[in-house]
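Everything on this sheet refers to the single structure shown next.
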Amino acid sequence: MTTRFPFAQRLRTWLQTRLQTRLQIRLTARRAILTQAARMTVASLATYVFAEALGLPQAFWAVVSALIVTQGSLGGSLKAAFDRFLGSVLGAVYGGAVALALPHQGSVSSAVALVVAVAPLAVAAAHSAGFRVAPITAVIVLLSTTGATLGPLVFALDRILEVGLGCAIGLAASLLVAPARATRAARGQAARTARLLADQFDALGRLDVAAIDAAALPLATRRSLDRLEVLVAEAARERRSRLAAEADPGPLARTLLRLRHDAVVLRRATREVDLGPDLAGPWLSAAQAAALRLRALAAALDARGHPPAEDPALADAIAAYRAAIDERRRRHLTRDLSIDGVGQIFWIAFSLDQLRRNLDDLAARAAEGVATG
């Protein structure tokens, strides 16, 4: 077959390689989703087995707690476990106390007990998101038919044990089953943010502000930064608990926030002033150089590698932009512009210098992650 039909053999080999490559790409893109699904499955199964072995009356509460606690990163699991357990203990203890203090066999008495149980805990939940589960637990302890059968104290204790077991196993699953560190996830999120900023500068270089708005790039960048801030907070919990010793991604997030501010300022300035052909050329070169460096830094963040050396193209473009302004002043061409127009032209030059410094700072923050990663 191989000698008589070489074309068929090559075609089959090409198809197999193509299919394997596509499968690898799909698995890589969905690795985090599949890992999280496996982590949650292991946590729920292990919790159910332990709850049954301990003879807990309502094992499903433990399983639900384990699923809630098993987050995408270890830092997120720590916060979810703390909030879930603290809120459940507060709600169970307070709900049990209200059930003992106020008889609630009738409709009116049950309504009164419900108000007494829920109102203070609702205030606590509004004050801190960590107490959101407390009112729900209090209602379950107060109105559950199982609680009426076992008694409020026994039911509250069982509830605490079930939730505590689920939190412990969910946290253990996050730590042992393909653990995901928030610091590493923050670098990946920072890389995505840098690429979104690069897309903005590409469009800004063409003076195509409408394309930026049409692609909703500013909104996507803001959402990416919001997600990065969440990961920074989760990474801080990991470091406080001694579960991670990598570099703090907080400075990285702050630098990207400054770069987003640079993009906003430059987008507004280029929208409000006509640069003209003499300034548009250097501006295009500067924006393209900034976009290229952002993408190079994003690749370094993704690969956890050393950032590339500074490309002099951005500095050269900024120098050319300033030289074009000096030429306009020498030829007295700025007299035809309004005061605001002149101010915007000089403001763009200042913002480009600030952009260059922030890009250098982003490279330094990326290098810190490599040194300690």
Cluster question for you: counting only ILVMFWY and a side-chain heavy-atom cut-off of under 4.5 Å, with indirect links fine, are [X] and [Y] together?
{"X": "Leu78", "Y": "Phe85", "result": "no"}
{"X": "Val163", "Y": "Val139", "result": "no"}
{"X": "Leu225", "Y": "Leu362", "result": "yes"}
{"X": "Val115", "Y": "Leu102", "result": "no"}
{"X": "Leu67", "Y": "Phe60", "result": "no"}

Test item: [X] and [Y] side chains (from C-beta on) under 4.5 Å apart, heavy atoms:
{"X": "Asp83", "Y": "Val133", "answer": "no"}
{"X": "Arg293", "Y": "Leu314", "answer": "no"}
{"X": "Cys167", "Y": "Ile68", "answer": "no"}
{"X": "Leu219", "Y": "Arg223", "answer": "yes"}
{"X": "Ile169", "Y": "Tyr48", "answer": "no"}
{"X": "Val93", "Y": "Ile160", "answer": "yes"}
{"X": "Gln189", "Y": "Leu256", "answer": "no"}
{"X": "Leu259", "Y": "Asp262", "answer": "yes"}

Quick check against the 3.5 Å criterion: does [X] have a side-chain atom that pairs as donor or acceptor with the backbone of [Y]?
{"X": "Ser128", "Y": "Ala125", "answer": "no"}
{"X": "Trp283", "Y": "Leu204", "answer": "yes"}
{"X": "Ser285", "Y": "Gly281", "answer": "yes"}
{"X": "Ser77", "Y": "Val69", "answer": "yes"}
{"X": "Glu162", "Y": "Gln58", "answer": "yes"}

Do you know which two heavy atoms are closest between [X] and [Y], and how far apart they sit?
{"X": "Leu228", "Y": "Ala190", "result": "CD1-N, 4.2 Å"}
{"X": "Arg159", "Y": "Arg84", "result": "NH2-NH2, 4.1 Å"}
{"X": "Ala300", "Y": "Pro307", "result": "CB-CA, 3.8 Å"}
{"X": "Ala43", "Y": "Gly170", "result": "CB-CA, 4.3 Å"}
{"X": "Ala296", "Y": "Pro308", "result": "CB-CG, 3.6 Å"}
{"X": "Leu197", "Y": "Ala263", "result": "CD2-CB, 4.2 Å"}

Gap separating the [atom1] atom of [X] from the [atom2] atom of [Y], nearest 0.5 angstrom:
{"X": "Asn358", "Y": "Ser351", "atom1": "CG", "atom2": "OG", "result": "10.5 Å"}
{"X": "Asp199", "Y": "Arg295", "atom1": "CG", "atom2": "CZ", "result": "5.0 Å"}
{"X": "Thr193", "Y": "Leu301", "atom1": "OG1", "atom2": "CG", "result": "9.5 Å"}
{"X": "Arg195", "Y": "Asp202", "atom1": "CZ", "atom2": "CG", "result": "13.5 Å"}
{"X": "Leu266", "Y": "Leu352", "atom1": "CG", "atom2": "CG", "result": "5.5 Å"}
{"X": "Leu142", "Y": "Leu100", "atom1": "CG", "atom2": "CG", "result": "10.5 Å"}

Go through it in stages, so that I can follow the logic: the residues are Gln200 and Leu196, the test is side-chain contact (heavy atoms from CB on, under 4.5 Å), and I'd like the CA-CA distance, side-chain angles, deciding distance and then a yes or no. CA-CA 6 Å; Gln200 289 197 50; Leu196 288 170; 5.6 Å; no

Quick one: do the Arg227 and Ser224 side chains pair a donor with an acceptor below 3.5 Å?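 There is no such pair between these side chains.
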
Decide whether Thr70 and Arg39 meet the rule of one side-chain donor and one side-chain acceptor closer than 3.5 Å.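 No, Arg39 and Thr70 have no side-chain donor paired with an acceptor closer than 3.5 Å.
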
Derivation and outcome, salt bridge (Lys or Arg N to Asp or Glu O under 4.0 Å), residues Glu368 and Arg365: CA-CA 5 Å; Glu368 286 177 358; Arg365 303 289 79 76; 2.7 Å; yes

